[in-house]
Number of protein chains: 2
Amino acid sequence: MEEEVLKLEQQVCFPIYALSREIIQRYHPFLDTLDITYPQYLVLMVLWEHQKQTVNQLGEKLLLDSGTLTPLLKRLELKGLVLRKRSNIDERVVEISLTEAGSAIESEAGCIPGKLVEALGITGEELAELQYSVNKILNKVKKNKLKQ
Amino acid sequence: MEEEVLKLEQQVCFPIYALSREIIQRYHPFLDTLDITYPQYLVLMVLWEHQKQTVNQLGEKLLLDSGTLTPLLKRLELKGLVLRKRSNIDERVVEISLTEAGSAIESEAGCIPGKLVEALGITGEELAELQYSVNKILNKVKKNKLKQ
DNA sequence: CAAAGGTAAATTGTATGCAATATAATTGTG
DNA sequence: CACAATTATATTGCATACAATTTACCTTTG
């Protein structure tokens, strides 16, 4: 009986981990058009909403650290989509902002969420249920993280 | 109005992607004790249940390809936890099985799922709801994958 | 104001992920 | 049986993730 806890389907994380990777794969055809990866798309999404962000602010929103973000942002800079500039007020801080090209592709990206849901073959209701339960747990886990 | 679709919280995938990484981080203290990573733990879990598996079978269950599994399995072999052996019947196939050490740590791992739920600070009910909605979508997406 | 302490990024090293390609073995077919 | 097509892994190359450390720059405090 008790060995049941070590089965794959019953794990807390495996289905989430697998689903995350599956969905990111579905993004590929759409993101390829823009020549960006999924994490790069997330960074751009934050910038489309907030114009300018420090590496730290991006990290807080995306739950990523500088070890991941620094090289990723350098690649976005190379593609000409963002600017990286040391703050004048505090030289430790690097401010990330959009270039014209980076701003421009927002309109091209607008259709992606809709197309993705279609590509996944799920209903709006199923999606809403999933988002609700995932967000609830994510918020709890994030809060719980600060306590540790 | 319509630009709302490009906000982070409303994305299909971001919360799942972030939650997956957060949970895997919570596994760390427990997996460190066994000196294995999370994907390595998943492979062992399949083997604890099925004794012997080909690389392909592992890939189907974990949704990973040989590009990920081959080096991962070599690392597990180096740690002395699994054996990799070409099948006699079909030399293309590599069969993965547990060593004594690999079997032995199953009992040490038995307590991990319980400890993890505790570490996440979520209730059994919340967990059940999450598992239900995630598994439902994952199954749909997996089925949908074959059609493509 | 100088030294200690803290902070923000960058760097280093290791381990995934995964697309694309290569390699080797097996199978199907004329 | 020869040979094309298929299949199972392995390899290559690139892009994350992330722990741990380093570096450079503030900030605080005696």
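This structure is a prediction, so every number in the text was calculated from the model and none was measured. Just so we're on the same page: letters track the sequence lines, and every chain starts at 1.
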message: Measuring from atom CG of A:Leu83 to atom CG of A:Leu73, what distance do you get when rounded to the nearest 0.5 angstrom?
response: 11.5 Å
query: Do any of residues 52-75 of chain B sit with a heavy atom less than 4.0 Å from DNA chain D, and if so which?
result: B:Thr54, B:Val55, B:Asn56, B:Ser66, B:Gly67, B:Thr70, B:Lys74
- request: Check the pair B:Ile23, A:Ile16 against side-chain contact (heavy atoms from CB on, under 4.5 Å), reporting the backbone distance first and the verdict last.
  value: CA-CA 9 Å; B:Ile23 297 179; A:Ile16 300 170; 3.8 Å; yes
- prompt: Whole Å only: how far is the OH atom of B:Tyr17 from the C1' atom of C:dT16?
  reply: 13 Å
field: side chain to side chain contact (heavy atoms under 4.5 Å, CB included) against B:Leu127, all qualifying residues, sequence neighbours excluded
entry: A:Val12, B:Val117, B:Ile122, B:Gln131
message: From CG of A:Asp32 over to C1' of C:dA20, roughly how many Å is that when rounded to an integer?
response: 13 Å
query: First and last nucleotide of DNA chain D in contact with chain A, 5' to 3', at under 4.0 Å to a heavy atom: what are they?
result: D:dA15 to D:dC26
Results of side chain to side chain donor-acceptor pair (under 3.5 Å) for B:Glu77 - residues two or more places apart only: B:Arg84
field: Contacts of A:Arg92 that satisfy side chain to side chain donor-acceptor pair (under 3.5 Å) - sequence neighbours left out
entry: A:Asp90
What pairs of nitrogen or oxygen atoms, one from the protein and one from nucleotides 22-28 of chain C, lie under 3.5 Å apart?
from, atom 1, to, atom 2, distance (Å)
C:dT26, OP1, B:Glu91, N, 3.2

message: Please report the distance, rounded to the nearest Å, between CD1 in A:Ile24 and P in C:dA19.
response: 12 Å
query: Which pairs, with at least one residue in residues 57-68 of chain A and sequence neighbours excluded, count as a salt bridge (charged side-chain N to carboxylate O under 4.0 Å, His left out)?
result: none
- request: Sequence neighbours left out, what passes side chain to side chain donor-acceptor pair (under 3.5 Å) with B:Asn139? Give chain and number order.
  value: none
message: It should be established whether A:Arg21 places a side-chain nitrogen or oxygen under 4.0 Å from OP1 or OP2 of nucleotide C:dC18.
response: yes
statement: Between OH of B:Tyr41 and P of C:dT16 the distance, given in whole Å, is 15 Å
- prompt: Residues in side chain to side chain donor-acceptor pair (under 3.5 Å) with A:Ser66, at least two apart?
  reply: none
message: Looking at C:dA15, I'd like to know if its phosphate oxygens (OP1 or OP2) sit under 4.0 Å from a side-chain N or O belonging to B:Gln40.
response: no
Would you be so kind as to tabulate the donor-acceptor pairs closer than 3.5 Å made by side chains of residues 38-45 of chain A, with sequence neighbours excluded?
from, atom 1, to, atom 2, distance (Å)
A:Tyr38, OH, B:Phe14, N, 3.2
A:Gln40, OE1, A:Thr37, N, 3.1

field: Qualifying residues under side chain to side chain contact (heavy atoms under 4.5 Å, CB included), relative to A:Ala101, sequence neighbours excluded
entry: A:Leu81, A:Thr99
Residue pairs passing the salt bridge (charged side-chain N to carboxylate O under 4.0 Å, His left out) test where at least one lies in residues 118-135 of chain B, sequence neighbours excluded: A:Lys136-B:Glu129, A:Lys140-B:Glu126
